[in-house]
Peer 1: 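Can you read through this structure? Questions will come right after.
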Amino acid sequence: MDVRRDGRSGGFRHGCTVFGRKRKGAHYAMTTWKRTHTCGEINAALSDETVVVNGWVNRRRDLGGLIFVDLRDRWGVVQVVFSPEVFSAEEFAAAETLRSEFVVSVEGIVAQRPEGQVNPAMATGEVEIYARRLCILSQAQTPPFHLDRPLDVDETLRLKYRYLDLRRSDLQRALRIRHETVQYVRDFLNQNQFLEIETPMLTKSTPEGARDYLVPSRVHKGKFFALPQSPQMFKQLLMIGGFERYYQIVRCFRDEDLRADRQPEFTQVDLEMSFVDADDVMNLMEQMMRGLMKQILDVDVPDPFPKMDYHEAMNRFGSDRPDTRFGMELRDLTEQLAASEFKVFSSTAAKGGVIKGINAKGCGAEYSRREIDSLVEKAVGWGAKGLVWMNIADEIKSPTAKFLNSDEIDSVVQSLEGEKGDLLLLVADTFETACDVLGRMRLFLAETLNAVPQNRYDLLWVVDWPLLEWDGDSKRYAAAHHPFTAPKDEDVELLGSRPGEVRAKAYDLVLNGVELGGGSVRINNTKLQEQMFRTLGFSAAAAREQFGFFLDAFQYGTPPHAGIALGLDRMIMLLAGQASIRDVMAFPKTASAVDLMVDAPNAISKAQWDDLGLTSAAKERKR
RNA sequence: GGAGCCGUGGUGUAGUUGGUUAACACGCCGGCCUGUCACGCCGGAGAUCGCGGGUUCGAGUCCCGUCGGCUCCGCCA
């Protein structure tokens, strides 16, 4: 480390090294390094005023006899000029030691920049601070990656030095949006008579759902707490407890594999209301989201939000969280192709399956045979038995065409509004598979074709979800939402006979194809709750063991209640225009659930193992 | 659990079919420079090519394994 990074002699005042010209009278003493203004608020109105700013050296331009430093704090960047006209030679030398990320205090005089020197790219570009005194509060090593230009750095490095990454403007912005969002949500719910109430982090492991993060108990060796996957039961108990309106901005934990929009710990806006129905919850959330979108993005979203039932979402978009920002909707072609000579179509239809198609606009002309083949491969990878394609050129090019008569081809082209240059893609399968595969194809093509409009925010509700879904592995029904979700009144009687057809009083909020969150009306009737557990394959004893306290609580007067939980991280990801929730969290983990900065999880000492009464079956890994 | 992509000075990348001194930009260090704002000019230092093994006369390059990151599938009531 050379002399410049070791600090150097100079006046030492108030815990910092001060360089500056001695001046007569009251002006001399830099009585404090404390700021009078933030960098971002320096403007022409402060011309000729003496200010003190604190911050980091963003960039330094040393012209030899004149040094410019862009000083950065949370509020902005301002240009500081060090000139020998103000500094002595010795003091000027101190300014020459400044490097990126040094933390300094500068006292100086605000001045309009000279003619022709205004920087319109800078918010404070009309002015600069003529430094009169410099105080180096902290020197800095050269950071391991650039902080002052668009991001182009390996994420491993960013995560290891997260505290440096956080200085970058887009993370500063994202976390500010996060704060504003949380403030808005709190304010809104407070005004609507909600009480913020905390629930335990150390709680009970329950079956179903995600894997729990477990915390061993020292006092009760061999027993474990679980970190909450969500405060679901607690919030319902708060309704039984008479609070009527509860909310919490709460951390949730799920030990499952990660994605760009999934972290092991994440934050929910969790709320629950008594004496309400589904529409009350949805209306309130619409109001909240509308205000939030207006405040954060100055975007107006429709009133009311569109509602789409689950079946329609699957049927038209092939997804339970449809991205409605673009068309390319799925069409059902079963009727016109059921009697086809082509066995794939006719037998699928005969077995109760469907034939569905989408129009990849313009792809017929664009795509090579090889690229089309790769689409087929994708479709098969997603679970389709195959993908029928028709390339509309001067004539229809398709390996399947010879099995179809011209009426059938015409009707397919017509249904999909095919024009010359288009590529039509068809899947014949069960309803679920055909919709799912084409839904994925739709998203893939839209992204590839850049067909997704930006700066558009499509919010909608997906309602009337199936209450239960068949789990092929365990050969039983599982709760599609969670086991406390109420079935629709008109479907209750199906619970015993055809559980798969029962629809739930559940609703999911979807924004631009991302599931922001979901909720439901809860069961508030013990008999129905017990029937639900039976349907889910819980014996009476098992239900008692796992949920006894909950079933007991229901015996003492349970109000009708409903609620919702919104994924705060995803919401902010979309509001901030980021592609990953890691970019809206201060300290996220990698895709393998590791914190590279603190190096967690880590090994624990022998004494800790012993204290907890635990031994590890995992083999020691070489470090 | 599975698949794909990536890993080369501090950072971002280049590196033909294996071949001699691993290239470029930024950053860093030194020098010069009084109106820059991606300051400029001159010079310099800096790389066990993620790690281990193999093939070969010879590996950044080919093969196998492994570690790490990202994305996706499964999973995520």
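As a basis for the values below, the full set of heavy atoms in this structure was taken, side chains included, without hydrogen atoms, waters or symmetry mates. Bear in mind that the values here come from a model prediction, so they are computed numbers and not experimental data. Throughout, a chain's letter reflects where its sequence line sits, starting with A, and its residues are numbered from 1.
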Peer 1: Kindly give the atom pairs (protein nitrogen or oxygen, nucleotide nitrogen or oxygen) under 3.5 Å for nucleotides 72-76 of chain B.
Peer 2:
{"unit_1": "B/C72", "atom_1": "OP2", "unit_2": "A/A260", "atom_2": "N", "d": "3.4"}
{"unit_1": "B/C73", "atom_1": "OP2", "unit_2": "A/R259", "atom_2": "NE", "d": "3.0"}
{"unit_1": "B/G74", "atom_1": "OP1", "unit_2": "A/R440", "atom_2": "NH2", "d": "3.3"}
{"unit_1": "B/G74", "atom_1": "N7", "unit_2": "A/R259", "atom_2": "NH2", "d": "2.8"}
{"unit_1": "B/G74", "atom_1": "O6", "unit_2": "A/R259", "atom_2": "NH1", "d": "3.1"}
{"unit_1": "B/G74", "atom_1": "O6", "unit_2": "A/R259", "atom_2": "NH2", "d": "3.3"}
{"unit_1": "B/G74", "atom_1": "N1", "unit_2": "A/D257", "atom_2": "OD2", "d": "2.8"}
{"unit_1": "B/G74", "atom_1": "N2", "unit_2": "A/D257", "atom_2": "OD2", "d": "3.3"}
{"unit_1": "B/C75", "atom_1": "O2'", "unit_2": "A/E256", "atom_2": "OE1", "d": "2.7"}
{"unit_1": "B/C75", "atom_1": "O2", "unit_2": "A/R262", "atom_2": "NH2", "d": "3.1"}
{"unit_1": "B/C75", "atom_1": "N3", "unit_2": "A/R262", "atom_2": "NH1", "d": "3.2"}
{"unit_1": "B/C75", "atom_1": "N3", "unit_2": "A/R262", "atom_2": "NH2", "d": "2.8"}
{"unit_1": "B/C75", "atom_1": "N4", "unit_2": "A/R259", "atom_2": "NH2", "d": "3.3"}
{"unit_1": "B/C75", "atom_1": "N4", "unit_2": "A/R262", "atom_2": "NH1", "d": "3.1"}
{"unit_1": "B/C76", "atom_1": "O2", "unit_2": "A/R262", "atom_2": "NE", "d": "3.3"}
{"unit_1": "B/C76", "atom_1": "O2", "unit_2": "A/R262", "atom_2": "NH1", "d": "3.1"}
{"unit_1": "B/C76", "atom_1": "N3", "unit_2": "A/R262", "atom_2": "NH1", "d": "3.0"}

Peer 1: Quick one: is the NZ or CZ of A/K204 closer than 6.0 Å to the six-membered ring centre of A/F225, and within 45° of its axis?
Peer 2: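 Pair A/K204/A/F225 does not count as cation-pi.
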
Peer 1: On a whole-Å scale, what distance lies between the P atoms belonging to B/U61 and B/U20?
Peer 2: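 About 13 Å, rounded to a whole number of Å.
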
Peer 1: Output yes when a side-chain donor or acceptor of A/R442 lies under 3.5 Å from a complementary backbone atom of A/G318, and no otherwise.
Peer 2: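 The answer is no, because no donor-acceptor pair under 3.5 Å joins these two groups.
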
Peer 1: Output yes when at least one side-chain N/O atom of A/T156 is less than 4.0 Å from OP1 or OP2 of B/G7, else no.
Peer 2: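 Looking at the OP1 and OP2 atoms of B/G7, neither is under 4.0 Å from any side-chain N or O of A/T156.
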
Peer 1: Both distances under 3.5 Å, Watson-Crick or G-U wobble: report the partner of B/C5, or none.
Peer 2: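 For B/C5, the partner nucleotide comes out as B/G69, under the 3.5 Å rule.
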
Peer 1: Using only atom types and a distance under 3.5 Å, with no angle test, would you say the side chain of A/D429 pairs donor to acceptor with the backbone of A/A384?
Peer 2: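 No; zero donor-acceptor contacts below 3.5 Å.
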
Peer 1: My understanding is that only residues two or more places apart in sequence, or in another chain, count here; which of them pass ring-ring contact (aromatic ring centres under 6.0 Å, His included) with A/Y161?
Peer 2: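 Partners of A/Y161 by the ring-ring contact (aromatic ring centres under 6.0 Å, His included) criterion come out as none, since no residue qualifies.
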
Peer 1: Rounded to whole angstrom, note down the P distance from B/C62 over to B/C5.
Peer 2: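 Each nucleotide's P atom is 13 Å from the other's.
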
Peer 1: B/A3 C1' sits how many Å from A/K378 NZ, rounded?
Peer 2: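 About 11 Å, once rounded to whole Å.
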
Peer 1: Students often get this wrong, so: under 4.0 angstrom with heavy atoms, is A/R158 touching a base, only sugar-phosphate, or nothing?
Peer 2: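 Counting heavy atoms under 4.0 Å across all strands, no contact is made by A/R158.
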
Peer 1: Which nucleotide, in any strand shown, forms a Watson-Crick or G-U wobble pair with B/U36, with both distances under 3.5 Å?
Peer 2: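 When the pairing criteria are applied, nothing turns out to pair with B/U36, so the answer is none.
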
Peer 1: Could you check whether A/R72 pairs with A/E101 (Lys NZ or Arg NE/NH1/NH2 to Asp/Glu carboxylate O, under 4.0 Å)?
Peer 2: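 Between A/E101 and A/R72 there is a salt bridge, with a charged N closer than 4.0 Å to a carboxylate O.
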
Peer 1: Who does B/G44 pair with, Watson-Crick or G-U, both distances under 3.5 Å?
Peer 2: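 Partner of B/G44: B/C28.
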
Peer 1: To the nearest angstrom, how far is A/I581 atom CD1 from B/C70 atom P?
Peer 2: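 For the pair A/I581 CD1 and B/C70 P, the rounded distance is 12 Å.
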
Peer 1: Whom does B/G18 pair with, Watson-Crick or G-U wobble, provided both distances fall under 3.5 Å?
Peer 2: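 Result: none.
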
Peer 1: Please tabulate, for side-chain N and O atoms in residues 465-472 of chain A, each donor-acceptor pair with protein atoms closer than 3.5 Å (sequence neighbours left out).
Peer 2:
{"unit_1": "A/W465", "atom_1": "NE1", "unit_2": "A/V462", "atom_2": "O", "d": "2.8"}
{"unit_1": "A/D471", "atom_1": "OD1", "unit_2": "A/D473", "atom_2": "N", "d": "2.9"}
{"unit_1": "A/D471", "atom_1": "OD2", "unit_2": "A/S474", "atom_2": "OG", "d": "2.9"}

Peer 1: Could you run down nucleotides 34-41 of chain B 5' to 3' and tag each one B, S or - for protein heavy-atom contact under 4.0 Å?
Peer 2: BBBBSB--

Peer 1: Please answer whether the main-chain N or O of A/A226 pairs with a side-chain N or O of A/D212 as donor and acceptor at a distance below 3.5 Å.
Peer 2: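 Checking the backbone N and O of A/A226 against the side chain of A/D212, no donor-acceptor pair under 3.5 Å is found.
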
Peer 1: Using a strict 4.0 Å threshold on nitrogen-to-oxygen distance, state whether A/D261 and A/R259 make a salt bridge.
Peer 2: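 Answer for the salt bridge query: no.
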
Peer 1: Which sits closer to the 5' end of RNA chain B, A/H482 or A/L596, going by the nucleotide each is nearest to?
Peer 2: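 Upstream on the strand: A/L596.
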
Peer 1: With a 4.0 Å cut-off on N to O distance, would you call A/R321 and A/D508 a salt bridge?
Peer 2: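 A salt bridge is absent here (no side-chain N lies under 4.0 Å from a carboxylate O).
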
Peer 1: Grab the CD-P distance between A/Q141 and B/C29 for me, whole Å please.
Peer 2: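 One finds 12 Å between P of B/C29 and CD of A/Q141, rounded.
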
Peer 1: Which pairs count as salt bridge (charged side-chain N to carboxylate O under 4.0 Å, His left out) when at least one residue sits in residues 580-589 of chain A, sequence neighbours excluded?
Peer 2: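 Output for this query lists A/E155-A/R582, A/R158-A/D583, A/E265-A/K589.
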
Peer 1: Polar pairs (N or O, both sides) under 3.5 Å between protein and nucleotides 10-13 of chain B?
Peer 2:
{"unit_1": "B/G10", "atom_1": "O2'", "unit_2": "A/P144", "atom_2": "O", "d": "3.0"}
{"unit_1": "B/G12", "atom_1": "OP1", "unit_2": "A/D154", "atom_2": "N", "d": "2.7"}
{"unit_1": "B/G12", "atom_1": "O2'", "unit_2": "A/D152", "atom_2": "OD2", "d": "2.9"}

Peer 1: Could you tell me whether A/R59 and A/D70 have a side-chain N and a carboxylate O separated by less than 4.0 Å?
Peer 2: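 A salt bridge is absent here (no side-chain N lies under 4.0 Å from a carboxylate O).
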
